[in-house]
Amino acid sequence: MGDLQEGLDMISIASDRPTVRIAAPGADRTDRADRAGHAAAAGPAGSADGPGAPPAVVELAGVSVFYSGYEAVRETSMPIRQHRVTALIGPSGCGKSTILRTMNRMNDLIPGARVTGRVSYRGQDLYAPEVDPIEVRRRIGMVFQKPNPFPKSIYDNVAYGPRVTGMKVGSMDDHVEQALRGAALWDEVKGKLRSNGLALSGGQQQRLCIARTIAVRPEVILMDEPCSALDPIATGRIEELMHELAQHYTIVIVTHNMQQAARVSHYTAFFTAEVDADGVRHGKLVELNDTGKLFTDPDDKRTEDYITGRFG
Amino acid sequence: MGDLQEGLDMISIASDRPTVRIAAPGADRTDRADRAGHAAAAGPAGSADGPGAPPAVVELAGVSVFYSGYEAVRETSMPIRQHRVTALIGPSGCGKSTILRTMNRMNDLIPGARVTGRVSYRGQDLYAPEVDPIEVRRRIGMVFQKPNPFPKSIYDNVAYGPRVTGMKVGSMDDHVEQALRGAALWDEVKGKLRSNGLALSGGQQQRLCIARTIAVRPEVILMDEPCSALDPIATGRIEELMHELAQHYTIVIVTHNMQQAARVSHYTAFFTAEVDADGVRHGKLVELNDTGKLFTDPDDKRTEDYITGRFG
Amino acid sequence: GGDGGAAGGLAGSVLVDGSSTVAPLSKAAADIYREEEPKVNITVGTSGTGGGFEKFCKGETDVSNASRPIKDSEKAACAAANIGYTELVVANDALTVVVNKANTWAECLTTAQLKKVWDQGSKVRSWKEVDPSFPDQRLDLFGPGTDSGTFDFFTAAVNGKEDRSRADYTASENDNVLVQGVAGSTGGLGYFGFTYFEENADKLKAVKVDGGGGCVAPSVAAAQDGSYRPLSRPLYIYVSNQAMASKPQVLSFVEFYAGHIDEIVEEARYVPLTAAQKAELGAALDKAKG
Amino acid sequence: MSLRRGRRRPGERVIEALLVAAAAVSVATTIGIVVALVEPTVEFFAEVGVVEFLTGDRWTPTLDPRSYGVLPLLTSTVISTFIAVAIAIPLGLGSAIYLAEYASPRTRRALKPLLEVLAGIPTVVYGFFALFALNSVLRGIWPGSDQPDFQNILVASIVMGIMIVPTVASLSEDAMTAVPESLRAGAYALASSKMQVAVRVVLPAAVSGIVASFVLGLSRAIGETMIVTIAGGLSSDHIELNPLRAAATMTAFIANIGQGDVPVDSLDYRSIFAVGSLLFGFTFALNALSIRLVRRFREVYE
Amino acid sequence: MTPAVLAAPAPSDPEVALTRRRVRVGETLFRLVLLACLVVAFAFLAWLIAFAVYRGWDRLDARLWQNMPTGRVSRIEGAGVQSAITGTLWVIGTTALICLPIGILAAIYLEEYADNERWYNRLLELNIQNLAGVPSIIFGILGLGVIARALGLGFTVLTAALILALLVLPIVIIATREAIRAVPQSIRQASYALGATRWQTVSRQVLPIAVPGIATGSILALSRAIGEAAPLIMLGAVTYITFNPDGLDSAYTVLPVQIYSLVIEAQAGFQRLGAAAIVLLLGLLLLMNSLAIVVRNRFQKRW
Ligand SMILES: Nc1ncnc2c1ncn2[C@@H]1O[C@H](COP(=O)(O)OP(=O)(O)OP(=O)(O)O)[C@@H](O)[C@H]1O
Ligand SMILES: Nc1ncnc2c1ncn2[C@@H]1O[C@H](COP(=O)(O)OP(=O)(O)OP(=O)(O)O)[C@@H](O)[C@H]1O
Ligand SMILES: [Mg+2]
Ligand SMILES: [Mg+2]
């Protein structure tokens, strides 16, 4: 894991940063294909592991998720690559959030939820009995759809994670500052660290939540539609931030917005919900691919249908 | 008055229906300019009333809205043209929802809210003392951001409006059917009219809310971010529906999504929030224009900045 | 409990419980005793005679107030728990039969007439049925609850057997309700303790009772000399012998109780003991002390 | 970089044990109640037949001839509860609708706690109020031969009803305020009047909470003791259907014997445990029923 | 600008007048009826207070709390209810110390820890709902048979407090659960996602936010306890006590019991003292409810 302090202070933009611009996929085709060029095309089972691809930090293998017996997501396998942004897209109810939650055991909190298959983090089975979900979440953080700062001061929001995990930090003040800088929020709040986090605007709140998450120095950050409650300007800021974070963190983002997936991610996984023989809907991974390829030349017909259905 | 049934059953697409496709504005330029060609360009004060423009059903003149003394929106004037879709866009907090609510006196329900200036509907001042807000809302309906069906059956949801307004309908069953057809929901629910409206998917719920609204046969339908809680497929359906509705209804839609505004509206009003001398933010109408023009060649620099800030 | 010392230096607690009818006497006793032994903590509870004996026979209290003598089952309970006790009569009460102020006809009632009215299964509904000379006025009956010692005594005295009574009367544990009831209905007839009549003498009229020896009005003198028959009754306290032996403050209190009995009865507005009863009280106490 | 439990977390375990223990207290309470009731009840039924107890129409355990038919107590309990609830439900629901839908938030914040004062007033106080204040008014209204008794079920029930108003109002109001604002907005946008919003949208949406408040009010009425003891009367020798007459409820009977002069080790006294068991069973059944009911409504509306 | 009236006919009602068509009599009537409900309830409250104040007027002074009760009719005028006041404070204080921690912890268990798919947790929940409906007099039977006798705690402050604590425990649990449930799930998720343990999440996030709700519920539960007489009378309450409690094992009396015993006395002087004590108790109650308002309003989070 990269040195946090270094990363947080870094402002210059790394060379593989995707361009932050909205564009019809067609127009962007070459740019994108070039950017994530070393990642090989993924088959429907989503094993995008060609030579040269960064190592997988999290790896799903044959993962199914059940809600009190209902199989919401079926047999999903996919790698999450280090220091890359992986986007999960697909229609509502196809299990994007469900899959995201398996990656840091947040579904432990849902009564009746059960995971089968193997989810591993750096080779360790996340669901092995001796694994402590709290340790898992310390390393794999999460940002939610609706900004959810604690009704505490901005400072306490950020300091909460280090405090509860008993993290050794030299000076908490410095640590909070670094985290807020890392979330590109420092300049806006430095004068009012003691004021309530809820008094910030929606976009600022969401960045506060990101700051709070990186304050515990996770390796992976999961984001579930982090911008859907925000206006375009705030969204733009968060997207930009994601690129910066991707230099030091591995990011998985669920989004409804295909443009957003196209803008921010290196890889995109397309999920859909399919009705099986018994008439029950199950979520399924259709295709995991390099983002540029998935949006311009998807391997799967269903991906194409979904994308063109929206793109005209 | 057009025959509702006839309109509702109509499936063929009227000639002036905007194309439902996402595209970089550049690519779409001519198409759009052509489509809403008869509407003249609007100045910053938003008086898009060139010759040939349809008459204004609702007209705002110098409208300011206060929330317990805070002036949230300042001096706004704009017409809402008959059988056209007018989109309101702008950053969060600029007063889009506020302005929308002035048009059917929904802000009567917010304690401390006060409207100055004149909002007229077919020439009558909506805020005149003898005006009954309930009558106003019968003619100017509203659809909300989050689908909010009543926890009643689908049938009762639709029948609610006609019942409470004491509308004379031949057969309530037929009436409900027509409204559901009008909202393009009939085929999906006809077998389960007695089941709870909350059991539908998000997109279906939103269409149910639209059905419920058109069941009282309003003249104007106000929609406040009707798709922001929906996935792209459901969004696409609602957008398509809006086009059909525009043949019979006057529609005002608030949206965060500029593509959506571009796709569905004939006119677009861009609002922004500006800080005045005292450091207080007020919402303000910057430009009301033909949609094609506003997105490609806005009259106001601020509009251009906002749009290009997003479109690259 | 606690240790006592010389006079004025006693401490510790004395726990009194039992009948609510007798409670005013023990409260008055405690109140006066407190001036002499301020460090002795006396509490008086009102669990009823039955509840009081239950606690008493479990050794939970030192003194039990009783509006009736101890029953066999209670004796057995005390014996089983090895609680010895001394029964002391501390005051008299004259159950008073009262009628409405506007009642001009009923000056005196015989026990036979009372029985006719109150007996089990009685159907008497009008004063005329009590005595043909009385007017045909509706009869409204008021009396204490069937679970009270007062009821037991009255039914035994008038109807010949404890708990033998008609049931269709307004019963209340709160004598003030009975006072109000009789005061509020022209044809009212009720019975309760003499104190409640005395306090409300302006609202009620007491009826003379003829128990065979002529009409006698309830009064302190009549209750004392035995002429107010059969409705005059004694009130008791029961003292635990063990408590008297082991807790000097209990003995001290009970001795004080007996020694100041006239003052106590006066403060509680009951009918004082006769000289003979007082002698008996002293003797019983002496015997208990051994 | 191990994901195993790094630090042991014994604290978490201890706390969880503590929490379970706290929750177990309520179970212990129920067990305690059952234990306290069972033995004397069994002894009671060794001498009195269950059938006689449940079907007899004369309850005179301290009066000759002894009779142990609980129906008179049961009838008065049902009548008094019914009247109390018939007063509390309309008043409480009306107040709740007013507070939730009509009053300004400020008024609501001020009035609701004030209304809750009514629920906290000692029942002894209510009892004397019923007996000495309200009853004189009642007796004034009905002079003549069917004048209410000095203690009667009606006056006790009215005051119980008033006591329960805040229980119904407060919980119903909570349920109605919990109805999302979006439903109200939706209804207003469909040209509903305020009353229509309240009655046709908010009320049905809050129905499970409202029913729950009714049930809670009902069980408070059944279990209320001091008011009926002081103002309701003691007679139980026959089934009294006229609420203007004095009659003992189950609770009033228990309270009276509990402080009376009856020897404790007697059938007379043990009868309070039989009545207590019946009362306990009664409220138990009622609660079970209500939970069903609430759940059913909830299924329909959520 | 084109005059609106010349517009093409609306698809809705051709009539465009927006003025009131129907006079909405029902609306006004409904509102009045609702208001009347509230007024009736408050009228009773006012009447009740006036009734007590009127009856106890000449005893409403410092004697009430400075003096001890008396057993002597000649001393009625100098009597007070000090021991009942201190007894009430002792009993209620102890009740609070017992039932609040237990109630809050139990509520935390049910809301945050218990898996309500499990039968025993569901039983627990049912049991609590059921206890909330058990008549208070039954708790008196429990107190007499089990707490005072079987557990051997006797007739002390502790016994009374235990009975009242168990009596209002379900109210505390239910109110606390409500308050905890009102804490948005997103707060918990955020805390867990940061690697907090369950107890850290509960103690540092959930409870602080739930405090106003818990406080209000607790105060209301305690004001119910303060007025309870039935279970204590069942226990055989002391009605004459001239010293203040000095410990959990002390004898005691409480205001409602003292009031009950005073009002049924024969002498009008005692009855007036009882009425004055009623006013005092009502005052105490109003104080507690105002406290609830203050807590509710002070700490209420705007979400
Ligand atoms: N807590 C839960 N309990 C039971 N079923 C659930 C739960 N959460 C999700 N589901 C079901 O699992 C399926 C997948 O849901 P999920 O929330 O993962 O979808 P999603 O792709 O994130 O949808 P959206 O885009 O609407 O957020 C859906 O059918 C949903 O109803
Ligand atoms: N009920 C209210 N009370 C007080 N202020 C309000 C209220 N509703 C809105 N405001 C304020 O009025 C301004 C305009 O709000 P409004 O909701 O109309 O903006 P908007 O453009 O719809 O924003 P968004 O895109 O986030 O929905 C904001 O500053 C907002 O904080
Ligand atoms: Mg999701
Ligand atoms: Mg808005």
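Chain naming here is simple, since letters A, B, ... match the order of the sequence lines and numbering starts at 1 in each. Fair warning: this is a prediction, and the values are worked out from it, not measured in the lab.
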Discussion item. Could you check whether any side-chain N or O of B/N148 sits under 3.5 Å from a backbone N or O of D/L183, counting only pairs where one atom can act as donor and the other as acceptor?
Written reply: no
Worksheet item: Do B/R137 and D/L190 have side chains that get closer than 4.5 Å, going by heavy atoms?
Response: no
Worksheet entry | Donor-acceptor contact below 3.5 Å, side chain B/K152 vs main chain D/R200 | yes
Practice prompt. Any pair with a residue in residues 88-103 of chain D that passes side chain to side chain donor-acceptor pair (under 3.5 Å), sequence neighbours left out, goes on the list, sorted by first then second residue, please.
Written response: D/E101-D/R184
Worksheet, complete the sentence: In short, B/F144 meets D/G186 closest at the heavy-atom pair CE1-CA, 3.7 Å
Discussion item. Please classify the contact between B/P162 and chain D as side chain, backbone, both or neither, with a heavy-atom cut-off of under 4.5 Å.
Written reply: neither
Discussion item. With a sphere of 6.0 Å drawn around NZ of D/K194, does it hold more than 12 non-hydrogen atoms of other residues, nucleotides or ligands?
Written reply: yes
Worksheet item: Hey, which of B/R105, B/M142, B/M106 has the most heavy atom pairs under 4.5 Å with chain D?
Response: B/M106
Practice prompt. Identify the two heavy atoms, one from B/T165 and one from D/A191, that lie closest to each other, and give their separation to 0.1 Å.
Written response: CG2-CB, 3.6 Å
Worksheet, complete the sentence: Output for pair (D/Y188 OH, B/N104 CG), nearest 0.5 Å, gives 13.0 Å
Discussion item. To check you understand the geometry: which heavy-atom pair defines the closest contact between D/A187 and B/Y160, and what is its length?
Written reply: CB-OH, 3.8 Å
Practice prompt. Kindly check if the number of other-residue, nucleotide or ligand heavy atoms within 6.0 Å of CZ (B/R194) is above 12?
Written response: yes
Discussion item. Are there over 12 heavy-atom neighbours, none belonging to B/Y70, within less than 6.0 Å of that residue's OH?
Written reply: yes
Worksheet item: Which bit of B/F150 comes within less than 4.5 Å of chain D, counting heavy atoms only: side chain, backbone, both or neither?
Response: both
